[in-house]
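Order of the sequence lines sets the chain letters (A, B, ...), proteins ahead of strands, with each chain counted from 1.
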2 protein chains.
Amino acid sequence: MDKAATIKDIARRLHISTSTVSRAMRDQPDVNADTKKAVLALAEELDYQPNKVALSLLKKHTYTIGVLVPNLDYFCATAVKGIDEMALEAGYTVMVCQSNESYGREVVNVRRLLESRVDGFIISASSQTKAFDHFKRLQEKNIPMVFFDRETPDMDTHRVVLDNADGAMQATEHLLQQGCKRIAFLAGPPALSISNKRKEGYLAALKKYKTKTDESLIVHCDFNQQYAQVATEELLRRKKRPDGIVTISDRIAIGAMLAIKEKGLRMPEDIALVGFNNEPVTSLLSPSISSVDQPAFEMGKIAARTFIELLNSHEKPPVSTITLKPRLIIRESSRIKV
Amino acid sequence: MDKAATIKDIARRLHISTSTVSRAMRDQPDVNADTKKAVLALAEELDYQPNKVALSLLKKHTYTIGVLVPNLDYFCATAVKGIDEMALEAGYTVMVCQSNESYGREVVNVRRLLESRVDGFIISASSQTKAFDHFKRLQEKNIPMVFFDRETPDMDTHRVVLDNADGAMQATEHLLQQGCKRIAFLAGPPALSISNKRKEGYLAALKKYKTKTDESLIVHCDFNQQYAQVATEELLRRKKRPDGIVTISDRIAIGAMLAIKEKGLRMPEDIALVGFNNEPVTSLLSPSISSVDQPAFEMGKIAARTFIELLNSHEKPPVSTITLKPRLIIRESSRIKV
DNA sequence: GAAATTCCCGGTACCGTTCCCGGGAACGTT
DNA sequence: AACGTTCCCGGGAACGGTACCGGGAATTTC
């Protein structure tokens, strides 16, 4: 890379001081109109761009946000797009790191981003993360951070989350209204907050409708479509098989769907199904799959906005939790024509 | 954010000079074993992390890669994952910017990343980009860059691309072998290199099988599923409707599929269909959609590796073009049982 | 006409780190 | 005893930019 033009180059060629050039570039007072014009002209000619690295060193912030996500699937990619949008508007750039749902990778990524001196973090934690020291260290250093989607227990942080319980509740309630009597719940890793919240909603709906809960109908299947398929096959082999399934993700719902089709059962007549995320694919399958929609793009934008407000306020604001509302999208997989 | 410990803090507390601390931290000679131990211990205690920003200023490189992609859909997200993987391994961090297929946004992103002093760029150009000044300026400044997927005409740059012509050729040839006589081609924006290359492959296959080409069967439909659906509806309304469709993306193929289903036509008996990208969704639809698989993850990894090699070699290596091979995955949408 | 004000500009320190150079102390070599 | 090595260490400059302070010249004010 050729060395880029610096403020010194301009100063030298114009026989003025770097201070003056600096002032001229930033449209500050205390600089003659003619010199300013000369500076600006030469800057244009040399394609001068202020060196953000030097500024970062001086001002002690980098105008970059470290974004930590488990992956870049539909939901996260959409959320990242929202973050990006907001960040760009506010003059920030974004460093995205994927943990691939691995705790070790997450720790490494935090470290790297910290070394790069990001101004703070926007985080959706890996599902395998059970220790939170790496996050707590950030908190001790008073580094701003905002969590979104995947919450972390035992930490006082800003969060932007979905009302997960409500989402699962809507889904479960819907199936109950359609006449389902035995509703299974395909959950994620046992330690995952969103999975547990959704389970609460599922249980609450059953309780509300005075349906007895059967713990054996709750199956943990990671985020794996394959695994979900196997788990569903097992469910369908039981003598008292479920007539409805609520899942915590569309991937899992698809796994379930494959198992149901394989078995030759009809959807929704024999068994109704609801996914979570409202990925575009759900509307394309046949039958199309009902799913709980979460405003991913919005969530990203709000997380970024919260983060930036956090940065700009110097008196530390109290931690806030912003909860967004899910919306059940009913499709063929659960619409029982009466 | 609390101020992080610096090398000066350590030096002061140990009554030694910053030079010595610096040497100790980097395991250099010319430092006594005891002092080194003391430095390391104190560094640990203060959770000292070298300030990369200061280093960047001094060394004139930031160990960050600017990644420019049109979006984060399946293909790009997978490629970015490959880039990320490779970058992490080599000690680089990645700044991902999405252009949302907008030329203006792309220009802005180049500028921002340049201000952030990334060491170079890995780029897949926006489909709306027809002027390349923003890229050429990079080239003039000798800033390393590698293009992947979306090529740019008239520029001598390193590239990692798919053999797009071959991919479309395989798809078209396959349909011809299945007995299709009138094969339509759903293309992308007319200026998009990958679209044009694939068109060439399509035409080459027709020629090879001595099938006469009909320009009216080539329809440009952006990357829009909706538009593809409308375009296909129009195709199907013609008196001499096509009996096969080759598309340049799975999104477009899905649009086409919706139109075909709407019309009540059978796939593949009445009309056969092949997509491009081999997104997971293609295997889930019914009928499942044949698609040309491209090794996105690999492409990302190779692009990153090429980029890093480019950085490390100081004598400028000649521009290289690495071409990866596509692989046609045949599914129900085009498998005609004879 | 002296004083005060305005208008411009330059010098210097600083951000955190590395690198180069120089030099003192201890040791070994003749 | 004089010299050369080796081992450690510190001082300064540099990276590119901004902020603060101080000051000369021109202009205004009384």
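No side-chain heavy atom of B:K52 sits less than 4.5 Å from a side-chain heavy atom of A:R117. Side chains of A:V96 and A:I83 form no contact here, defined as non-hydrogen atoms less than 4.5 Å apart. Residues A:F135 and A:L68 form a side-chain contact, since some pair of their non-hydrogen atoms from C-beta on lies under 4.5 Å apart.
Each of A:R111, A:Q128, A:H134 was compared with A:E106 under the side chain to side chain donor-acceptor pair (under 3.5 Å) criterion, and only A:H134 meets it.
The interatomic distance linking A:D9 (CG) with D:dC15 (C1') rounds to 13 Å, in whole Å. One atom, CD1 of A:I16, and another, C1' of D:dG17, lie 15 Å apart when rounded to the nearest Å. The interatomic distance linking A:Y63 (OH) with D:dG17 (C1') rounds to 14 Å, in whole Å.
Overall bending of the helix from C:dG1-D:dC30 to C:dT30-D:dA1, expressed as the angle between end axes built from five pairs apiece, is 60° (10° steps).
Under the 4.0 Å criterion applied to side-chain N and carboxylate O atoms, A:R305 and A:E298 are not assigned as salt-bridge partners. Residues A:R12 and A:D9 are paired through a salt bridge, judged by an N-O separation under 4.0 Å between the basic side chain and the carboxylate.
Residues in residues 89-104 of chain B take part in these salt bridge (Lys or Arg N to Asp or Glu O under 4.0 Å) pairs, two or more places apart or across chains: B:E101-B:R150.
Side-chain contact, A:R26 with A:S22: a donor N or O sits under 3.5 Å from an acceptor N or O.
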Expected string for nucleotides 15-25 of chain C under the B/S/- scheme (protein heavy atoms, under 4.0 Å, primed atoms plus P, OP1, OP2 as sugar-phosphate) is BBBBB------

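Contacts of B:S56 with the nucleic acid, taken as non-hydrogen atoms under 4.0 Å apart, are absent.
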